[in-house]
There are 2 protein chains.
Amino acid sequence: MTVARAKSEWSIHQIAKAAGTTSRALRHYDERELLKPSRVGSNGYRYYDQESLVRLQRILLLRDLGLGLDAIAEVLDGEADSRTALRAHLDWLKAEQARLARQIASVSRTLDALEKGEPIMANEAFDGFDHTQYKDEVIERWGKESYERSDRWWRSLDDAGKREFMRTQESIAVDYARAYQAGEDPAGEVAQAITQRHYEWITTAWGDKRPSAEQFAGLGQMYVDDPRFTQNYDKHGDGTAAFIRDAMKAYAEANLA
Amino acid sequence: MTVARAKSEWSIHQIAKAAGTTSRALRHYDERELLKPSRVGSNGYRYYDQESLVRLQRILLLRDLGLGLDAIAEVLDGEADSRTALRAHLDWLKAEQARLARQIASVSRTLDALEKGEPIMANEAFDGFDHTQYKDEVIERWGKESYERSDRWWRSLDDAGKREFMRTQESIAVDYARAYQAGEDPAGEVAQAITQRHYEWITTAWGDKRPSAEQFAGLGQMYVDDPRFTQNYDKHGDGTAAFIRDAMKAYAEANLA
DNA sequence: GTAGAAGTTGACGTAACGTCAAGGTCAAGC
DNA sequence: GCTTGACCTTGACGTTACGTCAACTTCTAC
């Protein structure tokens with residue numbers, strides 16, 4: 001015969017308050033089979049005991065760490081190792097934090113630009129281009145490995161990443177077109193600064209492989225030779241593609257030779 | 001008569017691909033009144049023009065920054081200033097990042113403890129205590145201002161924060177009980193290290209106001225005098241409350257006098 | 001006996017689409 | 001003219017963890 005020192009059974013509101021949650025959450029856990037009442041009265045009332053309270057507190061601890069109810073159920077039911085689960089969760093948290101950091105940086109940049117009066121949202125439309133349409137040509141010119149490296153990089157991006165890449169491309173094209181229309185020398189400082197960004201952008205698209213002088217200059221020539229590229233750049237003004245080719249050639253000779 | 005240089009109209013799939021999204025998203029934006037097709041065929045087909053594409057690209061830009069569709073609609077329809085909206089969003093992003101940082105820290109601590117073999121999830125239950133039940137007493141002993149400061153702090157916490165506070169309290173109580181049962185001197189190094197945590201914890205609960213020597217020692221005496229407190233600490237073993245009182249008194253004399 | 005507190009089971013709402021399902025429409029080849 | 005496949009449409013459910021009614025029953029205290 002044991003003596004009950006403390007309360008041995010609580011109603012749903014009582015246990016909820018004791019643990020710092022709500023009765024709705026308790027019913028939800030019941031429905032999800034995460035935490036069943038220790039006893040259900042003939043009137044349908046749920047009652048919880050000490051053991052329930054301990055389990056509830058564990059649930060809430062893991063919830064406060066950010067784990068989902070499925071993961072919590074696996075851990076508490078011994079189907080998953082808690083260390084493994086927490087490590088996986090930690091990776092997820094870090095990835096989320098990195099994503100937030102990128103968004104914070106983007107928003108900050110956008111705000112800075114707005115303060116300076118720069119119009120941040122383009123008035124012109126641009127279209128995404130499907131890199132797979134160049135597959136055979138890329139393989140022929142730079143080899144299968146090059147295509148696959150670039151393809152892997154592209155597919156590793158999420159949707160937002162792909163769109164950001166598209167916007168960067170558009171931004172570079174617009175800058176080139178402006179420089180061209182301002183009568184800048186393609187080998188001059190203004191144009192070459194754009195080409196610097198352009199080169200970094202291509203490097204990223206190549207999966208962090210830096211194009212050689214011939215490759216970069218050859219790519220520039222393609223902008224003029226291949227009508228699909230030419231159209232894409234000349235839509236900002238006829239002659240832009242040729243201007244870009246010249247700038248890229250100059251950049252290759254000056255920096256990549 | 002104008003000459004259409006580029007395509008002047010796209011089908012839903014075409015514009016989706018050009019902008020880097022999906023037809024489902026386009027239909028969603030249509031339903032949400034965020035982006036209506038420029039034309040709808042008699043067969044119900046949606047068609048989009050240049051203007052639509054520009055608007056779509058703006059939508060996706062803001063989406064990639066993390067804004068919700070409601071906020072985007074307000075910005076694009078001129079109902080809200082974009083700088084104001086972005087600044088508000090930036091604040092939100094930073095708050096989210098801080099929350100993630102706290103979770104990452106907690107998970108890391110938990111993992112470290114697990115690696116060391118410490119059981120991280122208590123076997124015993126503890127109950128949250130409702131600070132408002134002490135309202136009159138607190139006001140009588142330490143003044144109305146003290147109560148309100150502490151109350152403001154408590155209500156500023158989110159649910160997870162409140163639970164974390166409860167867990168800290170429990171952890172301190174358990175540590176005290178262990179020290180007491182190990183025969184430690186309440187004024188000794190082991191107990192005083194716990195009291196140090198205890199003091200910081202109380203300070204936090206008081207809204208970052210550091211208790212004076214009398215206040216801290218007086219609080220310790222209350223642990224013994226008030227049965228609600230006594231019970232709360234002696235449930236870990238009779239005599240724990242008195243041990244804590246002695247430790248707090250020693251701490252007050254050594255560090256707060 | 002009756003009010004008020006507390007309990008119950010639905011069921012909808014949340015954010016932004018993904019993912020079928022069932023069924024028209026259109027262009028191209030035979 | 002017919003078939004096939006690609007593309008289009010409108011529902012409608014699923015996702016995450018509950019919050020928030022609504023309608024109704026039960027317990028408790030006066």
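Here is how names work: the chains are called A, B, and so on, in the same order as the sequence lines, proteins then strands, and each is numbered from 1.
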To the nearest 0.5 angstrom, please state how far the [atom1] atom of [X] sits from the [atom2] atom of [Y].
{"X": "A/Q50", "Y": "A/S8", "atom1": "CD", "atom2": "OG", "value": "8.0 Å"}
{"X": "B/L65", "Y": "A/R109", "atom1": "CG", "atom2": "CZ", "value": "9.0 Å"}
{"X": "B/R63", "Y": "B/Y29", "atom1": "CZ", "atom2": "OH", "value": "6.0 Å"}

Worked verdict on B/S108 versus A/L90 for side-chain contact (heavy atoms from CB on, under 4.5 Å): CA-CA 7 Å; B/S108 297; A/L90 188 56; 3.9 Å; yes

Starting at atom [atom1] of [X], determine the distance to atom [atom2] of [N], rounded to an integer number of angstrom.
{"X": "A/L34", "N": "D/dT16", "atom1": "CG", "atom2": "C1'", "answer": "14 Å"}
{"X": "A/D158", "N": "C/dG18", "atom1": "CG", "atom2": "P", "answer": "13 Å"}
{"X": "B/E31", "N": "C/dA15", "atom1": "CD", "atom2": "P", "answer": "14 Å"}
{"X": "A/H28", "N": "C/dA11", "atom1": "NE2", "atom2": "C1'", "answer": "15 Å"}
{"X": "B/K17", "N": "D/dA6", "atom1": "NZ", "atom2": "C1'", "answer": "13 Å"}
{"X": "A/E9", "N": "C/dA6", "atom1": "CD", "atom2": "C1'", "answer": "16 Å"}
{"X": "B/Q14", "N": "C/dC26", "atom1": "CD", "atom2": "P", "answer": "15 Å"}
{"X": "A/R39", "N": "C/dT8", "atom1": "CZ", "atom2": "P", "answer": "12 Å"}

A/Y29 side-chain N/O to D/dA17 phosphate OP1/OP2 under 4.0 Å: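 Answer is no, no contact under 4.0 Å.
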
Distance flag, aromatic centroids of A/W153 and A/F165, threshold under 6.0 Å: yes

Closest-nucleotide 5' rank along DNA chain D - winner of B/R27 and A/R32: B/R27

Sugar-phosphate only, base, or nothing, as touched by A/S11 at under 4.0 Å among non-hydrogen atoms: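 The answer is sugar-phosphate, as A/S11 gets under 4.0 Å only of primed atoms, P, OP1 or OP2.
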
Strand-adjacent residues in residues 62-89 of chain B, judged by heavy atoms under 4.0 Å from DNA chain D: none

Residues in salt bridge (charged side-chain N to carboxylate O under 4.0 Å, His left out) contact with B/R46, at least two apart in sequence or another chain: B/D30

Parallel, tilted or perpendicular: rings of B/Y47 and B/Y45 (30°, 60°):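 Plane angle between 30° and 60°, so tilted.
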
Chi angles and distances behind the salt bridge (Lys or Arg N to Asp or Glu O under 4.0 Å) call for A/E145, A/K209: CA-CA 11 Å; A/E145 214 273 326; A/K209 184 171 180 312; over 6 Å; no

Per-nucleotide protein contact string for nucleotides 19-30 of chain D, where B marks a base within reach and S marks sugar-phosphate only (heavy atoms under 4.0 Å, - for neither): BB-----BS---

Check: B/S171/B/R197 side-chain N/O donor and acceptor closer than 3.5 Å: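 Looking only at side-chain atoms, B/R197 and B/S171 do form a donor-acceptor pair, the distance falling under 3.5 Å.
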
